[in-house]
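What follows is one structure encoded as structure tokens, with my remarks underneath.
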2 protein chains.
Amino acid sequence: MSKSQLTLTPVETVACCSPLVREPLSAERAERVTPLLKALADPVRLRLVSIVAASEGGEACVCDLNDAFDLSQPTISHHLKVLHDAGLLDRTKRGVWVYYGVRRDVLADVAALIGGGA
Amino acid sequence: MSKSQLTLTPVETVACCSPLVREPLSAERAERVTPLLKALADPVRLRLVSIVAASEGGEACVCDLNDAFDLSQPTISHHLKVLHDAGLLDRTKRGVWVYYGVRRDVLADVAALIGGGA
DNA sequence: CCCTTATATCGACATCTGTCAATATCGACC
DNA sequence: GGTCGATATTGACAGATGTCGATATAAGGG
């Protein structure tokens with residue numbers, strides 16, 4: 001690990017340490033991991049991740065995602081941005097379309113943090 | 001399962017189904033699971049769960065939890081209530097003290113939902 | 001009984017968040 | 001270059017959330 005502990009991103013932080021139940025989480029680690037959980041803690045975003053993850057190749061076009069919800073296009077775009085900024089979704093532009101792909105490794109790290117001691 | 005799907009609690013819902021990445025989460029399931037993630041998606045509550053879970057016997061006294069934070073006692077009490085209401089922590093009163101214990105099974109179910117396909 | 005100690009509830013407040021309509025940007029195609 | 005379709009950004013607003021101080025409740029000890 002070349003980066004200083006002080007500059008770890010949420011994704012790096014959640015990947016680096018023992019699960020919740022092993023030893024108390026430090027305040028700094030908790031602060032850095034929380035954005036990932038906040039990103040998942042919304043019904044629309046949870047479904048977005050799920051739809052993307054369950055799609056072939058683990059990615060889906062925004063046009064399809066918009067159709068899956070009864071929400072405005074800007075709202076979906078906003079939620080996708082939140083998930084992307086958190087590091088949970090990759091973004092790829094192909095022609096006019098944008099595809100979001102799930103970071104399964106990050107999901108797995110989050111899961112390991114929460115349930116790693118069970 | 002004796003209860004109707006319509007009355008499932010968050011804890012029951014998260015325990016019952018396939019992970020995010022297997023098949024798209026329905027809107028109703030997403031709505032029912034989200035409270036659990038919201039409960040975890042706060043740095044103070046994440047640390048509370050961690051401290052409780054890492055304690056001997058998987059439970060800790062509120063008095064100790066208060067001391068671990070630079071926050072007012074009502075604030076900690078509020079966060080513990082959120083975690084308890086979500087079904088993540090058990091509450092036991094022993095004499096004057098209240099002990100909160102972690103529901104490892106629920107944590108495991110949440111983890112399985114998020115990372116179950118990795 | 002009263003007092004003390006532990007925990008919860010209430011009311012208030014500032015901040016954060018989800019949503020939309022309007023608008024901007026970016027690519028492709030004519 | 002102009003237009004059109006796909007996605008992002010902006011600004012506004014209502015409602016949710018985290019925090020506190022003050023107060024309530026509950027249990028034990030004198």
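Chain naming here is simple, since letters A, B, ... match the order of the sequence lines and numbering starts at 1 in each. These numbers come from the heavy atoms of this one structure, side chains and all, not from hydrogens, waters or symmetry mates.
Scanning both residues, A/A30 and A/T34, for their nearest heavy atoms gives O-OG1, 2.6 Å. Closest non-hydrogen pair, A/L113 versus A/R29, comes out as CD1-NH1, 3.9 Å.
Proximity note for B/K93 (side chain, C-beta onward) versus D/dT7, D/dA27, D/dA8: the nearest is D/dA27. Nearest nucleotide to the A/D42 side chain, out of C/dA8, D/dT9, C/dG18: C/dG18.
Atom CD of A/E31 and atom C1' of C/dC16 are 14 Å apart (whole Å). In this structure, A/I76 atom CD1 and D/dT9 atom C1' are separated by 16 Å, rounded to whole Å. Rounded to an integer number of Å, the gap from A/L48 CG to D/dT7 P is 13 Å. Rounding to whole angstrom units, NZ of residue B/K38 and C1' of D/dA16 are separated by 9 Å. Going from atom NZ of A/K81 over to atom P of D/dA6 covers 22 Å, rounded to whole Å. Whole-Å rounding puts the B/L80 CG to D/dT19 C1' distance at 15 Å. A straight line from NE2 of A/H78 to P of C/dA21 spans 16 Å, rounded to a whole angstrom. In this structure, CZ of B/R94 is placed 12 Å from P of C/dT7, rounded to the nearest angstrom.
Hydrophobic cluster membership is shared by A/V14 and B/V44, with clusters built from Ile, Leu, Val, Met, Phe, Trp and Tyr side chains linked at under 4.5 angstrom. In the hydrophobic clustering of this structure, B/Y99 does not group with B/L107; members are Ile, Leu, Val, Met, Phe, Trp, Tyr whose side-chain heavy atoms approach within less than 4.5 Å, directly or through other members.
Contact of the B/V49 side chain with the B/R45 side chain is not registered, since no non-hydrogen atoms from C-beta on lie closer than 4.5 Å.
Contact annotation: A/R91 side-chain N/O to D/dA8 OP1/OP2 distance is under 4.0 Å. An OP1 or OP2 oxygen of D/dG18 is reached within less than 4.0 angstrom by no side-chain nitrogen or oxygen of B/T75. Contact between the side-chain N/O atoms of B/Y99 and the OP1/OP2 oxygens of C/dT7 is not found at any separation under 4.0 Å. Residue A/S77 places at least one side-chain N or O closer than 4.0 Å to OP1 or OP2 of D/dA8.
With B/L48 as the partner, the side-chain contact (heavy atoms from CB on, under 4.5 Å) test is satisfied by one option alone out of B/L88, B/V82, B/L80, B/V102: B/L80. When the options B/N66, B/V62, B/L65 are evaluated for a side-chain contact (heavy atoms from CB on, under 4.5 Å) with B/Q73, the one that passes is B/N66.
B/H79 comes within 4.0 angstrom of sugar-phosphate atoms only, judged by non-hydrogen atoms across all strands, and of no base. Among the protein residues, B/R45 comes within range of the sugar-phosphate backbone only, with heavy atoms under 4.0 Å from sugar or phosphate atoms but none that close to a base.
Between A/A41 and A/V96, the one whose closest nucleotide on DNA chain C sits nearer the 5' end is A/A41.
Using a 4.0 Å cutoff on non-hydrogen atoms, the parts of residues 52-74 of chain A near DNA chain C are A/L71, A/S72, A/P74, ordered by number.
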